[in-house]
Amino acid sequence: MADRTPLVIDTDPGIDDALAILLALASPEVDLQLVTTVHGNVELAQVTENALRVLHLAGRSDVPVAAGAAGPLVHPLPERAGHVHGAAGLGGVELPPSPVPVDPRPAVVALAELLLAHEPGTVTVAPIGPLTNLALLLHVFPEAAARIGRVVWMGGSATRGGNVTAAAEFNAWADPEAAAAVLGSGLPVTMVGLDVTLPTVLTQAGIERFRGAGTVGAAAAGFLRQYVDAARDRYGIDGVCVHDALALTEAIVPGTLGTVRREVVVGTTLGAARGQTLVDRRTVAEHGVAVAETVDSEAAVEFLVSRVCSYGD
Ligand code: RIB
Ligand code: CA
């Protein structure tokens, strides 16, 4: 196997976050070396506990989990997403607790230390929640942030409007000031937004395949039951959009998604457009953000299902 890409996942588990973590751990292309947690779907303490338990489920409690920001940079979050992910964040599934405690370092310290220990440009950071931790890293440890090889963010939307409001996707909406800071930082960001995640639906047939994949697969199928109900209620589809897992697919296999470099600004007012990612599709930008605009959804779903099912081998 060619050198594995050192990977950090910054996450707010969350059902699709959990799948994304399981996908990364089943992928030989990457070496998950750190999980940092951030407020988002549910409260920080809960997402941190969930991250520990998902890693333990996969037999990888050796991967350190460091807790990060408990809230957004500036304005409080009006609501979280317990109605989508379940009050405890994993669709009502109670996983066994991990024997390993949370890493005592704050997330930004753990991330900075990891980045400073690797050659510049070699580490991929995949934030699949609000960008609060990454924005803090930029301000507290800019010399470490500058060493990031690639940021693959699940968030935003160019043409599909929002999912938490008509204008805003949840991860951008949960901390618009952080999203503005990161997208405007000059870091090499790939934005994996609703434009490519909404068409990428994991159907019941795919979920059923998980059931044959041992303990991990059965848990994944369990997580998804609530998510399917929420997707049916919200989008009227018979399946789930595993947003974060698609972002990790791009992190694991760069180029999975078709991207175009665009200028992106984030709505940071307190009005109706708060959290909107305004993507300028009139021109191809010289710098800006690599915005994912095309996807082979069928191939992406098969990649996810086959990899998660590999736990049962
Ligand atoms: O809009 C989808 C995003 O919001 C995903 O990261 C999901 O986990 C939720 O946090
Ligand atoms: Ca998430």
Side-chain angles (χ1 to χ4, degrees), residues 1 4 7 9 11-32 35 37 41-42 46-47 49-63 65 84-100 126 128-129 154 197 200-232 237-253 256 295-313:
M1 183 75 218
R4 306 180 71 181
L7 174 69
I9 296 178
T11 180
D12 61 334
I15 294 168
D16 56 330
D17 302 71
L19 277 178
I21 293 167
L22 294 174
L23 173 61
L25 292 173
S27 298
E29 300 86 347
V30 294
D31 176 17
L32 182 59
V35 170
T37 56
N41 288 316
V42 293
Q46 187 66 64
V47 299
E49 181 62 25
N50 291 345
L52 288 165
R53 293 188 181 211
V54 170
L55 288 167
H56 179 50
L57 169 73
R60 292 301 310 276
S61 51
D62 59 292
V63 177
V65 175
V84 173
H85 294 267
L90 292 181
V93 172
E94 178 79 22
L95 294 178
S98 169
V100 176
I128 50 177
M154 192 280 135
T197 65
T200 304
V201 177
L202 171 60
T203 64
Q204 286 290 10
I207 295 169
E208 284 313 307
R209 284 172 58 189
F210 284 158
R211 293 191 197 289
T215 310
V216 172
F223 298 152
L224 288 162
R225 191 173 303 114
Q226 161 138 356
Y227 216 34
V228 169
D229 295 344
R232 186 183 301 117
I237 57 173
D238 179 27
V240 287
C241 303
V242 281
H243 308 276
D244 295 338
L246 186 61
L248 259 295
T249 300
E250 172 60 31
I252 293 161
V253 184
T256 296
V295 58
D296 178 342
S297 293
E298 191 177 336
V301 168
E302 183 53 34
F303 182 88
L304 167 65
V305 174
S306 59
R307 293 258 169 131
V308 172
C309 286
S310 70
Y311 283 96
D313 295 345

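Everything numeric in this text was worked out from a predicted model, so none of it was measured. Heavy atoms only: backbone and side chains are in, while hydrogens, waters and symmetry mates are out.
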What pair of heavy atoms forms the shortest contact from [X] to [Y], and how long is it?
| X | Y | value |
| --- | --- | --- |
| Ala24 | Leu248 | CB-CD1, 4.0 Å |
| Arg307 | Ser27 | NH1-OG, 2.9 Å |
| Leu32 | Val63 | O-CG2, 3.7 Å |
| Ser297 | Thr200 | OG-OG1, 2.9 Å |
| Gly239 | Ala231 | O-CB, 3.1 Å |
| Leu90 | Ala18 | CD2-CB, 3.9 Å |

Practice item. Please report the C-alpha distance between Thr215 and Tyr311 in whole Å, then the side-chain angles of each, then the deciding distance to 0.1 Å, and finally whether the side chain to side chain contact (heavy atoms under 4.5 Å, CB included) criterion is met. Key: CA-CA 8 Å; Thr215 310; Tyr311 283 96; over 6 Å; no
Any donor and acceptor pair, going by atom type alone, linking the side chain of [X] with main-chain N or O of [Y] inside 3.5 Å?
| X | Y | answer |
| --- | --- | --- |
| Asp17 | Asp12 | yes |
| Ser98 | Val100 | yes |
| Arg4 | Pro28 | yes |

**Study point:** Interatomic spacing from CG in Leu202 to CD in Glu302 - rounded to 0.5 Å
**Key:**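 Leu202 CG to Glu302 CD: 10.5 Å, rounded to 0.5 Å.
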Check your understanding: Given Val216 and Phe210, is the side chain to side chain contact (heavy atoms under 4.5 Å, CB included) satisfied, shown in steps?
Key -> CA-CA 8 Å; Val216 172; Phe210 284 158; over 6 Å; no
Exercise for review: Count the heavy atoms belonging to other residues, nucleotides or ligands that lie under 6.0 Å from CD of Gln204, then report whether that count exceeds 12.
Suggested key: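 Yes, CD of Gln204 has more than 12 neighbouring heavy atoms, counting only those of other groups under 6.0 Å.
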Exercise for review: For Thr256 and Phe303, run side chain to side chain contact (heavy atoms under 4.5 Å, CB included): C-alpha distance rounded to whole Å, both residues' side-chain angles, the deciding distance at 0.1 Å, then the answer.
Suggested key: CA-CA 10 Å; Thr256 296; Phe303 182 88; over 6 Å; no
Exercise for review: Taking the side chain as every heavy atom from C-beta outward, state whether Met154 and Leu246 have any atom pair closer than 4.5 Å.
Suggested key: no
Please list every donor-acceptor pair under 3.5 Å in which a side-chain atom of residues 49-58 meets a protein atom from a residue at least two apart or in another chain.
unit_1 : atom_1 : unit_2 : atom_2 : d
Glu49  : OE2    : Arg53  : NE     : 2.6
Glu49  : OE2    : Arg53  : NH2    : 3.3
Asn50  : OD1    : Gln46  : NE2    : 3.0
Asn50  : ND2    : Pro13  : O      : 2.9
Asn50  : ND2    : Gln46  : O      : 3.4
Asn50  : ND2    : Ala88  : O      : 2.7
Arg53  : NH1    : Glu94  : OE2    : 3.0
Arg53  : NH1    : Leu95  : O      : 2.5

**Study point:** Set of salt bridge (Lys or Arg N to Asp or Glu O under 4.0 Å) partners for Glu208, sequence neighbours left out
**Key:**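 Here the qualifying residues are Arg211.
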Point to revise | Passing option when Asp229 is tested against Gln226, Arg225, Arg232 for side chain to side chain donor-acceptor pair (under 3.5 Å) | key: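 Single side chain to side chain donor-acceptor pair (under 3.5 Å) partner of Asp229 among Gln226, Arg225, Arg232: Arg232.
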**Study point:** Residues that Asp31 engages under side chain to side chain donor-acceptor pair (under 3.5 Å), provided they are two or more places apart
**Key:** Gln33
